[in-house]
Amino acid sequence: MIKLWGIYISFFAVGIIGFLLILKATPNTEKRILGEWKEIKWEYDKVNTRQQTKLAFMPEEIKDMVGKQLIIHEAETWLFNPNGTLTLFGRNSEKTVEWRLKGRGHILQLKHTDNRTEQYNIDILNGKTLVLNFESNMEVRGIAKLTFNKSGG
Amino acid sequence: MLRKFSNTRTLSDNIQLGSLTAFSAGMANIASLMIFLSFSSNVTGYYAILAAELAQGEWYKAGVVMGWLFLFFTGSFLSNFIVIHFNRKNPYVAHATPILLEILCLLSVGVYGQYFYKETLVETEALLALMLFAMGLQNGLTASISNFSVKTTHLTGTTTDLAILFSMFTKKEYRNNEELAGKAKLLCAILGAYLLGAIISGVLYLHIQFKVFYVVCLSLAVVIFYDYSKIRLKIMKRLNMF
């Protein structure tokens, strides 16, 4: 009986300790995303247009249509600050919004000053590349993919 | 709802327990989806996500998902553990304790969310972990005391069983089988209650945010106090007799 209890207690102890060790040993998404990211390309997948074409690179006019209602429109460089703010640098503009990670760190939520929020799925995040997906259901329906390269050291 | 165990339970007992717990599970699940953008009881989905994260070498995310699954497992384990070890001493207390623990977990999520939540990732993961533990407690309890016929936190099995029953009802011999008809009623009640809870939670969340968890706790408290009032009524009747 004591042996059985030992097995049960060990099972739960190993589960909890193992879980805590994994979390401690690997850097979480909130730390990995910090810093400056330069926008490289916009791609558009699963386009719900007459041609149902898949575009490797999004033409400027489609990008404009998709992006004009988004917080990130015209941003070319994204700077994730540790205090939870994100500075979006455009060619002639600069704005600051709030950023949060949700779920298991796979969703990036951006909050505008007027409380408008947008959510992006983090597809890839490593030391060099950040890929965000978002679903557009405005003028152009489909999934857009934004790719960034880490910059600024 | 909570006083009887396994085969001594009637269809009505199971419908009452199934509806109320499914209602609260629907509320909790949608609240977690709207606040944390993640489900609190989608266990099958989390196994698939775990596999995907491991395949992509996302160790941190895989660790988080593994932890959530482990906590759901622990919740169900603890529920049944309490039921089978204390059922003989006092069935009502044995069955009410997991619900009480679930209320405590969800209340903690509500209070923390309302007063302390800074929306950091660690907080989000921890609160979701607490919710998965709570859902595990609930599912473990309802399945345990209803002889595995009531499971309320996710509906894959319920939808499958209902589809099988509906296809069986195309034959007269099954249509006239009272046990099967009762099972269909129970599953419909669970599905309806879950959906209703989810819709109400979605609407409430827009107005009261984290306070929606207090409403979930209130619906679970009904489960506990309904049976408590019945027990008191029985005792009072007995006392009057003597």
Side-chain angles (χ1 to χ4, degrees), chain A residues 1 4-5 7-34 80 82-86 97-111 115 117-127 129-131 133-135, chain B residues 31-40 42 45-50 52-78 80-81 84-85 113 117-133 136 205-206 209:
Chain A
M1 190 66 185
L4 186 73
W5 278 103
I7 293 170
Y8 272 96
I9 291 167
S10 312
F11 172 75
F12 285 105
V14 167
I16 292 165
I17 293 167
F19 172 56
L20 294 174
L21 281 177
I22 289 174
L23 297 191
K24 208 167 162 50
T26 45
N28 79 17
T29 318
E30 218 165 36
K31 284 178 186 147
R32 283 193 288 165
I33 205 167
L34 290 178
F80 287 90
N83 64 357
T85 59
L86 167 67
V97 296
E98 284 182 17
W99 69 275
R100 301 281 183 266
L101 292 180
K102 297 281 176 174
R104 53 188 189 281
H106 70 299
I107 293 172
L108 171 68
Q109 188 179 61
L110 301 185
K111 255 188 215 171
N115 269 339
T117 58
E118 281 166 17
Q119 278 124 26
Y120 301 83
N121 258 305
I122 300 175
D123 189 26
I124 299 169
L125 173 61
N126 54 42
T129 312
L130 167 66
V131 177
N133 288 338
F134 74 90
E135 203 169 324
Chain B
S32 94
L33 182 66
M34 294 184 86
I35 298 170
F36 307 120
L37 305 181
S38 251
F39 290 105
S40 60
N42 181 20
Y46 281 134
Y47 275 108
I49 288 167
L50 173 65
E53 299 294 12
L54 286 173
Q56 288 167 16
E58 289 281 353
W59 308 118
Y60 180 85
K61 287 182 195 167
V64 169
V65 175
M66 223 187 290
W68 289 346
L69 289 171
F70 183 73
L71 279 161
F72 188 91
F73 176 90
T74 308
S76 292
F77 173 90
L78 187 63
N80 196 53
F81 182 86
I84 62 172
H85 282 83
Y117 186 47
K118 298 273 187 295
E119 293 190 72
T120 64
L121 186 57
V122 174
E123 284 176 308
T124 301
E125 287 160 355
L127 292 175
L128 271 167
L130 208 54
M131 289 190 70
L132 267 121
F133 177 69
Y205 170 73
L206 298 174
Q209 275 84 39

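Since this is a predicted model, take the numbers as computed values, not measurements. So that the names make sense, note that chain A is the first sequence line, chain B the second, and so on, each numbered from 1.
Of the two parts of A:Ile16, the backbone and the side chain both hold a non-hydrogen atom closer than 4.5 Å to a non-hydrogen atom of chain B. If you measure heavy-atom distances from A:Leu101 to chain B, the contacts under 4.5 Å come from both the backbone and the side chain. Contacts between B:Val65 and chain A at a heavy-atom distance below 4.5 Å involve the side chain alone, from C-beta outward. Both the backbone and the side chain of A:Phe11 come within contact range of chain B, each with at least one heavy atom under 4.5 Å from a heavy atom of that chain. Interface residue B:Leu37: backbone and side-chain heavy atoms are both found under 4.5 Å from chain A.
In terms of non-hydrogen atom pairs under 4.5 Å with chain A, the most contact-rich of B:Phe73, B:Phe77, B:Tyr60 is B:Tyr60. Chain B forms more heavy-atom pairs under 4.5 Å with one residue of A:Arg104, A:His106, A:Glu30, A:Arg100 than with any other, namely A:Arg104. For the options B:Leu121, B:Val122, B:Leu33, heavy-atom pairs under 4.5 Å to chain A are most numerous at B:Leu121. Between chain A and the residues B:Glu119, B:Met66, B:Glu58, the largest count of heavy-atom pairs under 4.5 Å involves B:Glu119.
A distance-only check finds no donor-acceptor pair linking the side chain of A:Tyr120 to the backbone of A:Leu110 [under 3.5 Å]. With hydrogens and angles disregarded, a donor-acceptor distance shorter than 3.5 Å links the side chain of B:Glu123 to the backbone of B:Lys118. Put simply, the side chain of B:Ser32 gets close to the backbone of B:Ser40: a donor and an acceptor are under 3.5 Å apart. A donor-acceptor contact shorter than 3.5 Å links the side chain of B:Trp68 to the backbone of B:Glu125.
B:Tyr117 and A:Lys102 make their closest contact through OH-NZ, 3.3 Å (heavy atoms, listed as atom of the first residue, atom of the second, distance). The two residues B:Leu71 and B:Phe133 have their closest heavy-atom pair at O-CD1, 3.4 Å. When all heavy atoms of B:Ser76 and B:Gly136 are compared, the pair lying nearest together is OG-O, 2.9 Å.
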